[in-house]
Asker: 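The structure that follows is given in the form of structure tokens.
Values below: every heavy atom of this structure, side chains too, minus hydrogens, waters and symmetry copies. Protein chains get the first letters and strands the later ones, always in sequence-line order, with residue 1 at the start of each. Remember, predicted model here, so these are calculated numbers, not experimental data.
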Protein chains: 2
Amino acid sequence: MTETVDTTGTAGTSTAAPASAAHGTEPSAGTAAAAEPAAPRPGLRERKKRRTRNALLRAALELFVSQGYERTTVDEIAGAVDVSQRTFFRYFAGKEDAALFLQRLTESHFIAAVRERPPHEAPLEALRRAVLESWDTIGEAIEEVVPIELHMRTYRLIESTPALLAVHLRRSEEIEEEIARLIAEREGLDVDTDPRPRIAVAVFGGVMRVTGRLWGAGEDTSVAAIRELTATYLDHVGPALAEKWGTAPR
Amino acid sequence: MTETVDTTGTAGTSTAAPASAAHGTEPSAGTAAAAEPAAPRPGLRERKKRRTRNALLRAALELFVSQGYERTTVDEIAGAVDVSQRTFFRYFAGKEDAALFLQRLTESHFIAAVRERPPHEAPLEALRRAVLESWDTIGEAIEEVVPIELHMRTYRLIESTPALLAVHLRRSEEIEEEIARLIAEREGLDVDTDPRPRIAVAVFGGVMRVTGRLWGAGEDTSVAAIRELTATYLDHVGPALAEKWGTAPR
DNA sequence: GAGGCTAGTGACAGCCGCTGACAATTGACA
DNA sequence: TGTCAATTGTCAGCGGCTGTCACTAGCCTC
């Protein structure tokens, strides 16, 4: 069920095309997975593949960000890296897939962070700490692939491009389902009987989306800004659900 | 800002193509709108247009539902109604637009319902009553266009078709923004200063999405089922946010 | 270190969604 | 009935995406 984005390109003994029909992903340490002997040897072939993929990704993001997503053609991207259009599609399932690649990376980071929260924390607290924590650590992972600055601009692009936003939101929902199961597990509940895990996660996800949107729309694109927005908004969940709102809070 | 789905086809003195580049929508009684003298004369031309649109819509939904969204081509839909492909695109912005047409209809019903809630109700209560109420009244409006049974099946299709679900979720987000503004207005707050309206709506929307998904995945597709699911899940928001979950609730 | 194996790539060909442009038809209205 | 404007069909074409097939280049074995 869990899919972790493969940043290293160490796809082990891959069987089919570059990344078996796009995605550049590999199943890994999820709910259950066979133990893998870490990453022993890169291999020239793999390195080359990885370089091509990163080059494509970077070219794509730069073009998207500079001239807009819709106005960028796959031919352009492929051309910028000097490979055939067909090759692009061997690395990415489509334009969207390339545009959202880094999102997937951050998502898997977040999920991992949730997994590592100590079990005594209340669900919402665990989620809260997990996000705040991942905001701090995700940077490095991204920098391995493309400059973070490019990632920031890509994020804003996604928020403002209907086609991308749509797919991004769908992904979010999938992740919510996954996290709901995680939470249910933590609490020893059956996700199909007890509504609370899914509700808690939906609430949390809703707030995350609002903050993400506001962050993307605002001026300050620093990590500090998103951290603070997140914390503030989470703090307001209680008041927002109160019976009567005084005209007071904030 | 508000767009109401035009079921009647009474587009007044339309200026351009059938529905000016798709959507079949018309601006109407929203935050502010000029008073219109109701709907005086259908006019043969209008009626014909409306018939064509409904025929296309129905053919599209039936094909989608019976053979799948992706496997249905626009040519097929147009062919089923015996019009040119080009004509289809004059009535709908695309395949997606046709598939989600009824969703838009229900959405505008919901928004209208929210507008009509008495101002003394607390935000979440107003939202709750608005949904439950619209579940009861939306049926008729839909039946005017296609059999409700077809709509139900379409709903399930949307939930299970990634491309459609994505767009549906994006729409939902837009609607949340609109409702957040409505709520802020009700409460006399500034939506850009006070986080509560957006948060409350996000929470509400999150729960709605969960219930919608579960409903679509379940067996009982009756209105009664969705009503009950909705009510139950909304009741669980409080408990889900509690610090400690006893293994009790439900 | 030569040869075989196979992953990765390029070059086509082709389907499908969608759009612009223009001509032909048809309802609306004087 | 004739003019005007709204609808529609036809044609041409772009761009995303996929299947196929031959070719090149790492990789592995003997």
Asker: Write down the distance between CZ (B:F92) and C1' (C:dC18), rounded to a whole number of angstrom.
Answerer: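 Roughly 15 Å, once rounded to whole Å.
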Asker: Output all residues satisfying ring-ring contact (aromatic ring centres under 6.0 Å, His included) with B:Y155, sequence neighbours left out; order by chain, then residue number.
Answerer: B:W215
Asker: Who pairs with B:D192 by salt bridge (Lys or Arg N to Asp or Glu O under 4.0 Å), at least two apart in sequence or on another chain?
Answerer: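 Residues passing salt bridge (Lys or Arg N to Asp or Glu O under 4.0 Å) with B:D192: B:R198.
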Asker: Rounding to a whole Å, what distance do you find between B:F89:CZ and D:dA12:P?
Answerer: 19 Å
Asker: Can you check nucleotides 19-21 of chain D for protein contacts, nitrogen or oxygen pairs under 3.5 Å, and list what you find?
Answerer:
{"from": "D:dG19", "atom 1": "N7", "to": "A:R86", "atom 2": "NE", "distance (Å)": "3.3"}
{"from": "D:dG19", "atom 1": "N7", "to": "A:R86", "atom 2": "NH2", "distance (Å)": "2.9"}
{"from": "D:dG19", "atom 1": "O6", "to": "A:R86", "atom 2": "NE", "distance (Å)": "2.7"}

Asker: Taking NZ from A:K95 and C1' from D:dC17, how many angstroms apart are they, rounded to a whole number?
Answerer: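 For the pair A:K95 NZ and D:dC17 C1', the rounded distance is 12 Å.
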Asker: Identify which one of B:V81, B:L63, B:L150 satisfies the side chain to side chain contact (heavy atoms under 4.5 Å, CB included) criterion when paired with B:R58.
Answerer: B:L150
Asker: CZ of B:R51 versus P of D:dT7: gap in Å, rounded?
Answerer: 14 Å
Asker: Less than 4.0 angstrom between a side-chain N/O of B:K49 and OP1 or OP2 of D:dA6, yes or no?
Answerer: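 No.
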Asker: With sequence neighbours excluded, tell me which residues meet side-chain contact (heavy atoms from CB on, under 4.5 Å) with A:T137.
Answerer: A:H109, A:S134
Asker: Between the protein and nucleotides 23-27 of chain C, list every N/O to N/O distance that falls short of 3.5 Å.
Answerer:
{"from": "C:dG27", "atom 1": "OP1", "to": "B:K48", "atom 2": "NZ", "distance (Å)": "3.3"}
{"from": "C:dG27", "atom 1": "O3'", "to": "B:R45", "atom 2": "N", "distance (Å)": "3.4"}
{"from": "C:dG27", "atom 1": "N3", "to": "B:R45", "atom 2": "NH1", "distance (Å)": "3.0"}

Asker: Can you tell me the distance, in whole Å, between the CZ atom of B:R50 and the P atom of D:dT8?
Answerer: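 After rounding, the reported distance stands at 15 Å.
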Asker: Considering residues at least two apart in sequence or located in another chain, which fulfil the side-chain contact (heavy atoms from CB on, under 4.5 Å) criterion with B:S160?
Answerer: none
Asker: I'd like to check the side-chain contact (heavy atoms from CB on, under 4.5 Å) partners of B:T161; sequence neighbours left out, ordered by chain and number.
Answerer: B:Y69, B:E70, B:L157, B:L164
Asker: Suppose we screen for salt bridge (Lys or Arg N to Asp or Glu O under 4.0 Å). Which residues come up paired with B:E174, at least two apart in sequence or across chains?
Answerer: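 Partners of B:E174 under the salt bridge (Lys or Arg N to Asp or Glu O under 4.0 Å) test: B:R170, B:R171.
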Asker: Please identify each residue that fulfils ring-ring contact (aromatic ring centres under 6.0 Å, His included) with A:F88, with sequence neighbours left out.
Answerer: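 For A:F88 the ring-ring contact (aromatic ring centres under 6.0 Å, His included) partners, ignoring immediate neighbours, are A:F92.
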Asker: It should be established whether B:Y91 places a side-chain nitrogen or oxygen under 4.0 Å from OP1 or OP2 of nucleotide D:dT8.
Answerer: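 Affirmative; the distance criterion is met.
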Asker: List for me each residue that meets salt bridge (Lys or Arg N to Asp or Glu O under 4.0 Å) alongside B:D136, sequence neighbours excluded, and say none if there are none.
Answerer: B:R227
Asker: Heavy-atom contacts under 4.0 Å between residues 65-85 of chain B and DNA chain C, which residues?
Answerer: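 B:T72, B:T73, B:V74, B:Q85, in order of number.
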Asker: Salt bridge (charged side-chain N to carboxylate O under 4.0 Å, His left out) between B:E46 and B:R50: does it pass, once the steps are laid out?
Answerer: CA-CA 6 Å; B:E46 297 299 325; B:R50 182 157 178 271; over 6 Å; no
Asker: Looking at residues at least two apart in the chain, or sitting in another chain, which of them share a side-chain contact (heavy atoms from CB on, under 4.5 Å) with B:E173?
Answerer: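 Once residues adjacent in sequence are excluded, the partners of B:E173 under the side-chain contact (heavy atoms from CB on, under 4.5 Å) criterion are A:L165, A:L169, A:R209, A:R213.
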